[in-house]
Novice: 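Okay, handing you the structure first.
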Amino acid sequence: MKKVVIVGAGPCGILLAHYLLRRSVEYKIDIYERLNDPKQVAFSNSRTIPYGINERGLRALKKIDGLEAAVKAKCVENKGLIIHQKNGKKQNLPKRTTTFNTDRISLVMALLSKLTENSDSR
């Protein structure tokens with residue numbers, strides 16, 4: 001069994017843990033994060049960053065069973081933009097591809113929940 005320490009429990013660190021658990025080599029993974037556990041901090045007391053997940057991000061999530069659906073459940077589909085012009089009119093600009101918008105905490109929570117579920121089933 002190989003031991004891996006991941007410093008930083010943001011989306012990249014948690015996604016790395018997902019990828020390592022999929023490998024045939026057995027890993028003992030410790031994840032360290034300086035911020036409080038997002039499951040224990042009231043959303044109103046936390047700072048969060050808006051995230052847009054495009055097709056490239058979705059491809060990374062699709063490689064792990066159920067992860068794309070878990071993350072999309074926390075997202076809002078974004079099919080275009082609305083621009084408010086100086087003359088008071090709105091201009092709708094459709095996007096070629098849909099993106100999915102969420103915030104950092106919701107994304108981390110979805111990744112953590114699925115990681116816990118996947119590691120418990122091993």
Novice: Of the non-hydrogen atoms in Ala9 and Val108, which two are nearest, and what is the gap between them?
Specialist: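 Looking at all heavy atoms of both residues, the shortest contact is O-CG1, 3.9 Å.
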
Novice: Residues in salt bridge (Lys or Arg N to Asp or Glu O under 4.0 Å) with Glu33, at least two apart?
Specialist: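 If we apply the salt bridge (Lys or Arg N to Asp or Glu O under 4.0 Å) test to Glu33, skipping adjacent residues, there are no hits.
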
Novice: Quick one: CD1 on Ile14 to OG1 on Thr116, what's the gap to the nearest 0.5 Å?
Specialist: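 Those atoms lie 9.0 Å apart.
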
Novice: Going from CD1 on Ile83 to CG on Leu93, what distance comes out if it is rounded to the nearest 0.5 angstrom?
Specialist: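 Separation between the atoms: 4.0 Å.
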
Novice: Which residues pass the salt bridge (Lys or Arg N to Asp or Glu O under 4.0 Å) test with Lys63, not counting sequence neighbours?
Specialist: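 With sequence neighbours excluded, Lys63 shows a salt bridge (Lys or Arg N to Asp or Glu O under 4.0 Å) to no residue whatsoever.
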
Novice: For Leu16, which residues count as a side-chain contact (heavy atoms from CB on, under 4.5 Å) partner, sequence neighbours excluded?
Specialist: Ile6, Leu20

Novice: In Å, rounded to the nearest 0.5 Å, how long is the span from OH of Tyr51 to OG1 of Thr99?
Specialist: 15.0 Å

Novice: Would you say CG of Asn92 has more than 12 non-hydrogen atoms from neighbouring residues, nucleotides or ligands within 6.0 angstrom?
Specialist: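 Counting neighbours around CG of Asn92, more than 12 heavy atoms of other residues, nucleotides or ligands fall under 6.0 Å, so yes.
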
Novice: Residues two or more places apart in sequence or in another chain: which of them pass salt bridge (Lys or Arg N to Asp or Glu O under 4.0 Å) with Lys3?
Specialist: Asp30

Novice: Table please: side-chain donor-acceptor pairs of residues 68-82 below 3.5 Å, with sequence neighbours left out.
Specialist:
unit_1: Glu68; atom_1: OE2; unit_2: Lys72; atom_2: NZ; d: 3.1
unit_1: Asn78; atom_1: OD1; unit_2: Gly80; atom_2: N; d: 3.1

Novice: Which distance, rounded to the nearest 0.5 Å, do you find between the CG of Leu67 and the OH of Tyr19?
Specialist: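 Here the interatomic distance stands at 8.0 Å.
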
Novice: Excluding sequence neighbours, so at least two apart, what forms side-chain contact (heavy atoms from CB on, under 4.5 Å) with Arg56?
Specialist: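 If we apply the side-chain contact (heavy atoms from CB on, under 4.5 Å) test to Arg56, skipping adjacent residues, the hits are Asn54, Arg59.
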
Novice: Just how far is it from atom NZ of Lys114 to atom NE2 of His18, taken to the nearest 0.5 Å?
Specialist: 8.5 Å

Novice: Between atom CG of Leu107 and atom CD1 of Ile53, what is the distance when rounded to the nearest 0.5 Å?
Specialist: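 Answer for the CG-CD1 pair, Leu107 versus Ile53, is 5.0 Å.
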
Novice: Apply the test side-chain contact (heavy atoms from CB on, under 4.5 Å) to residues Ile64 and Leu21: give CA-CA distance (whole Å), side-chain angles for both, the deciding distance (0.1 Å), then the verdict.
Specialist: CA-CA 10 Å; Ile64 299 161; Leu21 286 175; over 6 Å; no

